[in-house]
Amino acid sequence: MNQPAALRAANEDGARSLLYTEVEEELRAAVRALLADRCPPAAVLRRAESAQVHDLELWKTLAREIGVAGLLVPEEYGGAGASAREAAVVLEELGRGVAPVPFFTSSVLATKALLDLGERDLIRQLAAGEKTAALAVPFAATPYHVAGAPLEIGDGTVTGTVTGVAGADVADVLLVPSADGTVFAVEARHAAVTTLPSLDLTRPIATVVLDAAPARNLGVCDLGAVLRFGAGLLASEQLGVAEWCLDTTLSYVRERHQFARPIGSFQALKHRLADLWLDVVRARAAARNACAGDALAVAVAQAWNAGVAVHVAEEALQLHGGIGMTWEHPLHLYLKRAKATEIALGTPGDHRAALASLADLPG
């Protein structure tokens, strides 16, 4: 997407509204069309059962042709100069498709850390889609009590182990924070990356082992701020998961007949679906508000959206009846993505506790 001036104007207008701008809708349409063509649910399920979960060819198209890899990167570094709002729209669509691409891990978390560190060369490579990176922290780390890995730091080398890292299996560069917040860049070829079984079949996690791995000191980073930024945008991915589950369920209950009438015409199901729709509408508002990165808005969004994604996916599974319980139906991919992101970057309980503190509520 090469419209920096349009993006700047859209950002200025959008900052005052939770509505989507015309530019954001154009970006959404481009991403959705590509995913519909290259990443339908059946293809995602086949890939989840294969040795290579991530679709790197799809990622190249998204990163280089649509330009999503450089959305958060300023123009002077080769990016689009967009805001978190545009990145959130991409995450909504990737959530709707449970797309197995490293956008969140590389173009959000790792890119945010590099921007805060002022690391220009690597940022340019990520923005161009030439490389991917992963922030080597557990995906379940909370922004509120974050600590880097206990590394042994030598003369230009680091030694240590980090578990539960998302995106490490396809990263070219690992950004490894130490206990004092210093971040080291390690080429992935110098690390032992072991993929582990994960509930989310579309986003593998891995253990990263560094044994005197050559490393470059990038400086000190506020890791909590990076994870809080990521948590705010993760709410948009959770929104996308919930939207797909609701839309798919609405289509199903219109077509499935029982007692010679669509099951969606039964009042009990209408009430359940209306409640789900209201939950998703609230989740959309929370996700849009969290794009600004305000700590209070992020805590609200994660405290609400994580649970909504799980609830809507569970209801979708129930309302699909027997076919929802089958491996061949993609619903289980969405439920697993929702359950995995519920504990990613802080649980709803972590965010509620933070929200109470930020709002100065009595404990």
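Owing to the predicted nature of the structure, the values given are computational and were not obtained by experimental measurement. Along the sequence shown, residues are numbered consecutively beginning with 1.
Side-chain N or O atoms of Arg64 include one that pairs as donor or acceptor with a backbone N or O of Gly129 at under 3.5 Å. Looking only at distances, a side-chain donor or acceptor of His320 sits under 3.5 Å from a matching main-chain atom of Ala316. The backbone N or O of Ala133 sits less than 3.5 Å from a side-chain atom of Ser106, completing a donor-acceptor pair. In this structure, the side chain of Thr326 engages the main chain of Ile323 through a donor-acceptor pair within 3.5 Å. Side-chain N or O atoms of Arg124 include one that pairs as donor or acceptor with a backbone N or O of Glu76 at under 3.5 Å. Listed for the Asp279 side chain is no donor-acceptor partner under 3.5 Å among the backbone atoms of Leu276. Without hydrogens or angle criteria, Glu187 side chain to Arg189 main chain gives no donor-acceptor distance under 3.5 Å. Looking at Tyr20, its side chain never comes within 3.5 Å of a backbone N or O of Arg28 through a donor-acceptor pair. Side chain of Ser50 to main chain of Arg47: a donor-acceptor pair is present (N/O by atom type, distance under 3.5 Å, no hydrogens or angles). Between the side chain of Glu314 and the backbone N or O of His311, no donor-acceptor pair lies under 3.5 Å.
Atom-to-atom distance recorded for Leu223:CG and Asp180:CG is 11.5 Å, nearest 0.5 angstrom. The distance from the NZ atom of Lys131 to the CG atom of Asp121 is 10.0 Å, given to the nearest 0.5 Å. Atom OG1 of residue Thr341 and atom CD of residue Gln302 lie 7.5 Å apart, to the nearest 0.5 angstrom. One finds the NZ atom of Lys60 at 15.5 Å from the CD1 atom of Ile66 (value rounded to the nearest 0.5 Å). One finds the OG1 atom of Thr111 at 9.0 Å from the CG atom of Leu175 (value rounded to the nearest 0.5 Å). To the nearest 0.5 Å, atom CG of residue Leu331 and atom OG1 of residue Thr248 are 7.0 Å apart.
Salt bridge annotation for Glu237-Arg96: absent, with no cationic side-chain nitrogen under 4.0 angstrom from a carboxylate oxygen. Salt-bridge check for Arg284 with Glu243: passed, with a basic side-chain N closer than 4.0 Å to an acidic carboxylate O.
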- Item | Chi angles and distances behind the side chain to side chain contact (heavy atoms under 4.5 Å, CB included) call for Val220, Val183 | CA-CA 6 Å; Val220 177; Val183 178; over 6 Å; no

- Going through the checks in order, is the side chain to side chain contact (heavy atoms under 4.5 Å, CB included) test met by Val101 and Leu94? CA-CA 8 Å; Val101 294; Leu94 296 180; 4.0 Å; yes

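Val108 and Tyr77 fall within a single hydrophobic cluster, where Ile, Leu, Val, Met, Phe, Trp and Tyr are joined by side-chain heavy atoms under 4.5 Å apart, directly or via other members.
Looking only at side-chain heavy atoms (C-beta outward), Leu201 and Leu333 come within less than 4.5 Å of each other.
For the side chain to side chain donor-acceptor pair (under 3.5 Å) test, no residue two or more places apart in sequence or in another chain qualifies with Glu342.
Less than 6.0 angstrom separates the ring centroid of Trp327 from the ring centroid of His332.
In the displayed structure, Ile343 atom CD1 is contacted under 6.0 Å by at most 12 heavy atoms of other residues, nucleotides or ligands.
Using bins of under 30°, 30° to 60° and over 60° for the plane-to-plane angle, the ring pair His351/Tyr144 lands in the perpendicular bin. The aromatic rings of Trp244 and Tyr334 sit parallel to each other, their planes meeting at less than 30°, with 60° as the upper class boundary.
Side chain to side chain, Ser198 and Arg203 fail the donor-acceptor criterion of an N or O pair below 3.5 Å. A donor-acceptor contact under 3.5 angstrom links the side chains of Asp200 and Thr202, judged on distance only.
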